[in-house]
Amino acid sequence: MEEETKTSQIPKNFDSQTQEARIYKIWEDSGVFSPEGSEAEIIKQGIEPGKPFVMTLPPPNANGDLHVGHTCGYSFQDAMGRYYRMHGRPTLLLPGKDHASIQTEAVYIRHLEEKGIDKWELGREKFYKMCYDFCIERANDARSQEKKIGLSADWNRELFTLDERLNTVIYDTFFKMYDDGLIYRGKYIINQCPHCRTALADIDTVHEKSRGILAEIIYPFVDEADQKVAERDFAANPINIKDDHGKVIDTKILSLKGITVATTRPETMLGDTAIAVHPDDPKYKNLIGKKVRIPIVDREIPIIADQEVDMQFGTAAVKVTPAHSPVDFEIGKRHDLPVINVIDELGRITAPAPDKYIGMDTVECSKALVKDLEELSLLVDIKNYKHEIVQCERCDTPIQHIVSYQWFVDVEPLAKKALAVLKNGGTKIIPDGQQSALIHFFENIEPWCISRQLWWGQDIPVWYSGGKELHDWLLEEVEKSGLGKGVSELSEKERSDLIAKFEDEMGKKVTGTGNIFVQKDKPENDPDWDGGPSELLFEKESDILDTWFSSGQWPFSTLGGPGGDDYSKYYPTDVLETARDILFWWVARMMMLGIYRTGKTPFHTVYLHGMILAEDGKKMSKSRGNGVSPMEVIRTYGADALRLWYYSDTLPGANSPLRTEKIKGNRNFVNKIWNAFRFVIMNVQDSELEQLREKLEEISTEMNAMSDGIDAEKGEEYQKEHMYSMITKTNIQQIDGYVEEYRFNLAAEEIREFFWHTICDKWIEEVKNKIQDLKPGDSTRIRVLASLIHPMMQYLKAMHPFIPFITEAVWQELVKLGLADGDLIIQVSN
RNA sequence: GGGCGAUUAGCUCAGCUGGCUAGAGCAUCUCGUUUACACCGAGAGGGUCGUAGGUUCAAAUCCUACAUCGCCCACCA
């Protein structure tokens, strides 16, 4: 009768939906999510606490729900956290949320647009406030989802990347880098997204194949006498026309009127400042140094020689537009060419282009020019042409290369140090292949543009005396003059002369010196200004920082930065676990900024989990509608089932299609664990609990003392009693080894295999047979049961980091029976 | 153009530093209601480990080339 009662008390199936929330509450209440809490518990169990185990968790973007990639990361982070916590290390998993500047701004703008609200009408201040509230709300949602996967993070330390506490650290880095000359303001060719209306770092762009045109245009010689040279040299060197396979099928002789160039973007001719040819090209050799006239614009430009020009491509002569092509910008620098910018921030043609074209967008202008050139008989050819274009990563708008003043970080010296760390093993990337990729990235790194013309993000802590326009104007003048000094180093005379020139050119009165103040708060005075404080204008930098500038400091900013309490205890951190696709964006920056700011690499290991694909093997995306919400999976199969799938299937370096049937299989495994213990609990009589407890303790003591295996001399009975425990112990050691080597798939497989097919299929069946005829209270029965329960309980501990909910749920049942004590989450074994 | 990776059972994938008849989950087939679990158990079928060479006593595992596929980076007009 009693047996029946007990069985009916425990449901046949583990109901993850109701149980998980209850279990999570137990953990939160236990206080062990904080390193202080876990340390106290470790000490309480009489164990000397080990070195803290610390992970700063990748902050998800606070603009949407968690996706399967986020919960994948959390599963690995949590497994490591729980594992080391249960191995006596005070553990800190530090959570947060990322403001994700450009991405969130794009998301929020769309959100506003749906409500018919325009960003520009709203105004900066209001937009910021509303976006902030939006993020905080989303962050709350995200947090509750993080709890659902079982994340044992220290919520009291959670931070948002725009938190004031972080700003302080981040600005300190900015100031230090500025002082070290690593941050500078400069006029360079940048990627401009006309839709987002901001500059973008190279890494924030994507390259896509696109259909376009290739137009051949004649730039007539200024000196008609040059046609004679052309007549001789062009005829002697006809252009080969090739088919798709590179076979020469025809030849043609170039127009003698001038130089024929091929371009995919005719509109940029408005900003051309040279024609470049290869120095050894026999066609053009004798024309180097001569001049041609840009059609329509009527500007004379020189023919220059540059090694970059490919003699085999097109007409082997290129137009050079330093303002609108990165390659041309470099050529321009080498030959000291003027930079004429004819495209504005919105992607429209602007002065000094001819009036007719001003205001057109680039495609419109290109069409108009082609037509006009044709009328002038200067268009030789136009055909469809497939080529790669650069797009904004966020909105897919083709980016415009334009020249403008931006803030840059000279990352090269930082990359060198990071490279050294990678090469000497200070930080190891898993998988290996990605380590090579990162090395390659560091070896080829370019200056990082960190200013964005956006509203959502961190202010750049800079003030301009007399206004930004004046400063940038002075910068340009100083550079042109070749004085070789900065704006701040101008003599009084030089400065007043230049300012007078500026006032004259711009037709406005200057109230400031053009100096720059790198600080957070508005400066009170400018020592070089003598016009009286009331008239002094300080303009705040309106640009904001690239989001990766702050998230790149995450491992130490969250710990309070150098000098902070947490920093001294918990930095450098141990492992950084994240997705492979932000290796260059985030991991690279954390290494560079971390080493720069602290002198230490921020983590010894970077574990990159695989990318999760939809069941159809493609990337999950909203447009395809093949996305799967992790919350839905958790609701259906439970968090443990999903976690276990991650461990066994999302290997580093792999792309893993989500397999529902496997998750279902894992759910079955979770249920199997539940029922295995259900069997045990059902069999044990209340009257036997006392004896059983004693026996279990006895085995525990024996097992702790035992190191290399069972002592055969102790007899057969003894062996029987400890056999299961011994085998289990060995198996657990194997699993520990896997975890410490980050081979989670092997650990997960082993756990499944061992518990299901050894403990359940073999041992439980054996025990069933052994106790079949024994009466409750029989000492053999107690011994047999204990010999099974002991290893099963040990195995619960080993399984806990992977599948925390079911193991804790079972453990709590054992606590009820007095067979276990405390919470499984902090059962420390050393 | 450069970098990284993949190719193993019907499907999705394991297989670390080379070594017992190559594994798992799911799927398929046969049998089984034995008081933990049918979200179960017992068992079965199924692979010349992309191709061609090479190193070795021994290769899915190391090397070379090729083929196919994928991802990332990139300034060819």
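In what follows, chains are A, B, ... by sequence order, proteins preceding strands, each numbered from 1.
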(message) Among B/U35, B/A77, B/C72, which nucleotide has an atom closest to any side-chain atom of A/V318?
(response) B/A77

(request) Would you tell me if any nitrogen or oxygen in the side chain of A/K333 comes within less than 4.0 Å of OP1 or OP2 on B/C75? (result) no

(request) Would you please indicate if the ring centroids of A/F802 and A/Y83 are separated by under 6.0 Å? (result) no

(message) I want to verify a distance call: between B/C26, B/C76, B/A36, whose nearest atom is closest to the A/F679 side chain?
(response) B/A36

(request) With heavy atoms under 4.0 Å as the rule, sort A/N745 into base, sugar-phosphate or nothing. (result) sugar-phosphate

(message) In whole Å, I'd like the distance from the CG atom of A/N683 to the P atom of B/A36.
(response) 7 Å

(request) Send over the distance from A/E308 CD to B/A74 C1', rounded to a whole Å. (result) 13 Å

(message) By nearest atom, which of the nucleotides B/A77, B/A74, B/A36 is closest to the A/T263 side chain?
(response) B/A77

(request) Take A/S436 and A/F441, find for each the nucleotide of RNA chain B with the closest heavy atom, and name the residue whose nucleotide sits nearer the 5' end. (result) A/S436

(message) For A/K367, is the NZ atom crowded, meaning more than 12 foreign heavy atoms sit under 6.0 Å from it?
(response) no

(request) Quick one: label A/N666 by what it contacts on the DNA or RNA (base, sugar-phosphate, nothing), any heavy atom closer than 4.0 Å. (result) nothing

(request) Considering only atom C1', compute the distance from B/G41 to B/U34 and round it to an integer number of Å. (result) 9 Å

(message) Regarding A/E330, tell me which of base, sugar-phosphate or nothing describes its non-hydrogen contacts under 4.0 Å with the strands shown.
(response) nothing

(message) Taking CD in A/E661 as the centre, count heavy atoms belonging to other residues, nucleotides or ligands within less than 6.0 Å. Is the count above 12?
(response) yes

(request) Identify which nucleotide among B/C37, B/G3, B/C13 has an atom closest to any side-chain atom of A/H440, counting heavy atoms from C-beta outward. (result) B/G3

(message) If we count only N and O atoms by modelled type, under 3.5 Å, do the side chains of A/R580 and A/N655 hold a donor and an acceptor together?
(response) yes

(request) Output the single nucleotide from B/A77, B/C39, B/C75 whose closest atom is nearest the side chain of A/P326. (result) B/C75

(message) Give me the distance, rounded to whole Å, that separates B/G25 from B/U33 when you measure between the C1' atoms they each carry.
(response) 26 Å

(message) In whole Å, measure the gap between the P atoms of B/C13 and B/A9 for me.
(response) 11 Å

(request) Provide the distance between the two C1' atoms, one in B/A60 and one in B/G15, to the nearest whole Å. (result) 8 Å

(request) Sticking with atom P, work out how far B/U12 lies from B/G54, rounded to a whole angstrom. (result) 33 Å

(request) Look at the side chain of A/K768 and the base of B/A36, then say whether one donor and one acceptor between them are separated by less than 3.5 Å. (result) yes

(message) Could you tell me how far apart A/L644 (CG) and B/A14 (P) are, to the nearest whole angstrom?
(response) 16 Å

(message) Mind checking if A/H401 touches a base, just sugar-phosphate, or nothing, with heavy atoms under 4.0 Å?
(response) nothing

(message) Do A/N666 and A/R752 pair up side chain to side chain, a donor and an acceptor below 3.5 Å, judged on atom types alone?
(response) yes

(message) How many whole angstroms separate atom CD1 of A/I389 from atom P of B/A77?
(response) 12 Å

(message) Please confirm whether the shortest side-chain N or O distance from A/H757 to OP1 or OP2 of B/A24 is below 4.0 Å.
(response) no

(request) Tell me what A/G433 touches on the nucleic acid: a base, only sugar-phosphate, or nothing, going by heavy atoms under 4.0 Å. (result) sugar-phosphate

(request) Among the candidates B/C13, B/C39, B/A77, find the nucleotide nearest to the side-chain atoms of A/P657. (result) B/C13

(message) Could you check whether the side chain of A/R659 and the base of B/C26 have a donor-acceptor pair of N or O atoms closer than 3.5 Å, going by distance alone?
(response) no

(request) Just call it for A/F584: base, sugar-phosphate, or nothing, with non-hydrogen atoms closer than 4.0 Å on any strand. (result) sugar-phosphate

(message) Using side-chain heavy atoms (C-beta onward) and a distance below 4.5 Å, is A/I239 in contact with A/K283?
(response) yes

(request) Quick one: look up who B/U64 pairs with, Watson-Crick or G-U, both distances under 3.5 Å, and put none if it's unpaired. (result) B/A52

(request) Quick one: label A/W756 by what it contacts on the DNA or RNA (base, sugar-phosphate, nothing), any heavy atom closer than 4.0 Å. (result) sugar-phosphate

(request) Classify the nucleic acid contact of A/S325 as base, sugar-phosphate or nothing, counting any heavy atom under 4.0 Å across all strands shown. (result) nothing

(request) Both distances under 3.5 Å, Watson-Crick or G-U wobble: report the partner of B/A27, or none. (result) none

(request) Rounded to whole angstrom, note down the C1' distance from B/C20 over to B/C57. (result) 15 Å

(request) In whole angstrom, give me the gap between the P atoms of B/C49 and B/C37. (result) 44 Å

(request) Would you mind pulling out the nucleotide paired to B/C20, Watson-Crick or G-U wobble, both distances under 3.5 Å? (result) none

(request) Report yes if a donor N or O on one partner sits less than 3.5 Å from an acceptor N or O on the other, where the partners are the side chain of A/E388 and the base of B/A74; otherwise report no. (result) yes

(request) Would you name the heavy atoms of A/N675 and A/K12 that are closest together and state the gap between them? (result) ND2-O, 2.9 Å

(request) Remember a base hit wins even if backbone is also touched, and classify A/D761 as base, sugar-phosphate or nothing at under 4.0 Å, heavy atoms. (result) sugar-phosphate

(request) Measure from CD1 on A/I681 to P on B/C37 and round the result to the nearest Å. (result) 14 Å

(request) Go through the N and O atoms of the side chain of A/K662 and the base of B/C26, and report whether any donor-acceptor pair is under 3.5 Å. (result) no

(request) Examine the side chains of A/N745 and A/S648 and answer whether a donor and an acceptor come within less than 3.5 Å of each other. (result) no

(message) Which residue in the set A/W645, A/Y738, A/F76 passes ring pair (Phe, Tyr, Trp, His ring centres under 6.0 Å) when paired with A/F744?
(response) A/F76

(message) Pairing check on B/C40: which nucleotide meets the Watson-Crick or G-U wobble criteria with it, both distances under 3.5 Å?
(response) B/G32

(request) Report which part of the nucleic acid A/K762 touches: base, sugar-phosphate, or nothing (heavy-atom distance under 4.0 Å, all strands). (result) nothing

(message) Taking only side-chain N and O atoms of A/N668, does any of them lie within less than 4.0 angstrom of OP1 or OP2 on B/C40?
(response) yes

(message) What's the closest nucleotide to the side chain of A/N655 if the choices are B/C26, B/G70, B/A77?
(response) B/G70

(request) With P as the reference atom in both, quote the distance from B/G50 to B/U7 in angstrom, rounded to an integer. (result) 7 Å

(request) Taking all heavy atoms of A/P295 and all of A/I218, pick out the closest pair and write down the distance. (result) CG-O, 3.2 Å

(message) Check the phosphate of B/C71 against A/K619, side-chain N and O only, distance under 4.0 Å to OP1 or OP2. Yes or no?
(response) no

(request) Measure the distance from CE on A/M682 to C1' on B/C37 and round it to the nearest whole Å. (result) 11 Å

(request) Would you indicate what A/R265 reaches in the nucleic acid, counting non-hydrogen atoms under 4.0 angstrom: base, sugar-phosphate, or nothing? (result) nothing

(message) Using whole Å, what does the distance between atom C1' of nucleotide B/G25 and atom CZ of A/R752 come to?
(response) 6 Å

(message) Applying a 4.0 Å non-hydrogen cut-off, can you work out what A/Y637 is touching in the nucleic acid: base, sugar-phosphate, or nothing?
(response) nothing

(request) Grab the CG-P distance between A/D281 and B/A77 for me, whole Å please. (result) 19 Å

(request) Map A/N675 and A/E446 onto RNA chain B by nearest heavy atom, then report which one ends up closer to the 5' terminus. (result) A/N675

